[in-house]
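I have placed the structure first, in the form of structure tokens, so that the comments after it can refer back to it.
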Amino acid sequence: MPHCPHTVSTLWRTLPQPIIGLAPMDGVTDSAFRHMVALHGKPDVVFTEFTNVHDICTGRLKALDSLRYSLEERPVIAQIYGKDPDLFYQAAHVVCELGFDGLDINMGCPSKNVASSGSGAGLIRTPSLALELMDRTRKGIQDWGDGQTLLELSLKPSALQAIAQLKAEHPEVTPGQERSPIPLSVKTRLGFDRNMIEEWSACLIQGRPEVISIHGRTLSQMYRGQSDWEAIALAANRIQPHGILVLGNGDIQSLGESAARIRESGVNGVLIGRGSLGNPWVFQGIPQIREMLQTEQSCIPPQHVPSLEEKFSVMIQHAFLFERIHGPERFVRMRKHLGWYCSGFPHAAAMRAELVRTNSTLDVINLVNQYRTRALDTLAMAMPATTTAAS
Ligand SMILES: Cc1cc2nc3c(=O)[nH]c(=O)nc-3n(C[C@H](O)[C@H](O)[C@H](O)COP(=O)(O)O)c2cc1C
């Protein structure tokens, strides 16, 4: 297998360790959500939803929407998936051209239409193809860095136009942008139908990504059972001596749990996925947690618990950002986020049932106004009657 020179980039090495990042989640970690997370918690790094290389290279609108980002989110890593090496080569150019801080290859998606076609976690069964994809992607990054333009690739004019439009959203990424190579990373699982992370990580090491993120389940497990952190620890131990960082992933709900997992497993950091749903505050306090780990203290700083008012204003802010970034026509995708915010206050279930039918930020504002009064009235009624002071 031919190898091109190791991509020189500094992003992952300059991030403070341990790294605590937002995991990629299709249909969830769009630009609006990542922006919210950046405003209310600020993880060290965020990943886009996975995007199909074919869709990127043909300039499909949905693909390009998932490659939207805002400056506040940086550093932001674009995650791509597929199985055609030439498309990875081209998609790498597009990701670089759009100004992303890194490129991640999905080798962990278990969903039927992805894995059974040989992409995502399907690649665990075809290690030589997995290596070829890494090689071609790195070559794409390198050639782009050496000055190759999108015009020199055989992309359709309509794709070039769509990509140029998306790039125009980033005036900071100028036409004469500095073409520094971006780092390549991989996110994967423990194996296909059994834990084979030992052989699988030996293969991935040959592809020399800068980071390997490991979700501690196999493909067959989907999301059942528990993430196997012992297996992640063993893999980290094997991989790290090769100068590759390891991020562990699976079932972390708070920064306190992140700290415990980092301590036990020796990983260089963790990614939090589902623990952030309806909870962009989950990343609040990362510097304190890092200090706690570095000074070997055991006292975990308290986790932020949002007030009712904070939850309501975040719902409105998120809806507003979503509409502004992704457009009112896609608002249905915002509804599940609104539902996730609804827990832990009076009438939350009733509010959730109404929020999942909203079509705009204005609808959300109206419901918030209605439910704020109802929730506060219920809370006031539940308060014990105040006793007079000094009685
Ligand atoms: C709705 C959903 C979508 C996901 N989409 C992606 C994806 O696009 N790319 C990826 O690498 N992993 C994806 N994952 C997996 C997560 O990144 C993560 O590995 C998994 O949820 C375990 O971590 P957690 O327990 O912190 O959620 C997805 C998970 C969920 C729940």
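Counting starts at 1 for both ligands and their atoms, in listed order.
- Side-chain contact annotation: R274 with Y223, donor-acceptor N/O pair under 3.5 Å absent.
- Geometrically, ligand 1 and D26 share a nitrogen or oxygen pair separated by less than 3.5 Å.
- With a 4.0 Å heavy-atom cut-off, ligand 1 is reached by the side chain of N106 but not by its N, CA, C or O.
- For the pair Y223 and ligand 1, a heavy-atom separation below 4.0 Å is found.
- Closest to atom 23 (O) of ligand 1 by heavy atom, among N249, D251, T29, L22, is N249.
- One option in R274, M25, Q79, M222 has a heavy atom closer to atom 11 (O) of ligand 1 than any other, and that option is Q79.
- At least one N or O atom of F50 sits closer than 3.5 Å to an N or O atom of ligand 1.
- Among all non-hydrogen protein atoms, the one lying nearest atom 12 (N) of ligand 1 is K187 NZ, 3.1 Å.
- Between the side chains of R335 and N359, at least one donor-acceptor pair of N or O atoms lies under 3.5 Å.
- With hydrogens left out, the protein atom closest to atom 26 (O) of ligand 1 is G273 N, 2.8 Å, a heavy atom.
- Atoms of ligand 1 found under 4.0 Å from any heavy atom of A23, numbered from 1 in the order shown, are 17 (O).
- Taking a 6.0 Å sphere around CD of E264, one finds it holds more than 12 heavy atoms contributed by other residues, nucleotides or ligands.
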| Steps toward ring-ring contact (aromatic ring centres under 6.0 Å, His included) verdict (H170, Y69) | CA-CA 9 Å; H170 291 281; Y69 67 89; 3.9 Å; yes
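- The distance criterion of under 3.5 Å between nitrogen or oxygen atoms is not met by I272 with respect to ligand 1.
- Looking only at side-chain heavy atoms (C-beta outward), Q17 and V267 stay at 4.5 Å or farther from each other.
- Using a non-hydrogen distance threshold of 4.0 Å, G27 does not register as a contact of ligand 1.
- Residues Y89 and H93 place their aromatic rings such that the two centres sit under 6.0 Å apart.
- Residues T218 and D193 form no side-chain contact, since every pair of their non-hydrogen atoms from C-beta on lies 4.5 Å or further apart.
- Listed by first and then second residue, the salt bridge (charged side-chain N to carboxylate O under 4.0 Å, His left out) pairs involving residues 83-93 are D86-R136 (not counting sequence neighbours).
- Within ligand 1, the atoms closer than 4.0 Å to a non-hydrogen atom of G250 are 23 (O), 25 (O), numbered from 1 in the order shown.
- Taking the six-membered ring where the residue is Trp, the centroids of Y81 and F88 are separated by 6.0 Å or more.
- When P24, G216, A121 are checked for heavy-atom proximity to atom 13 (C) of ligand 1, P24 turns out nearest.
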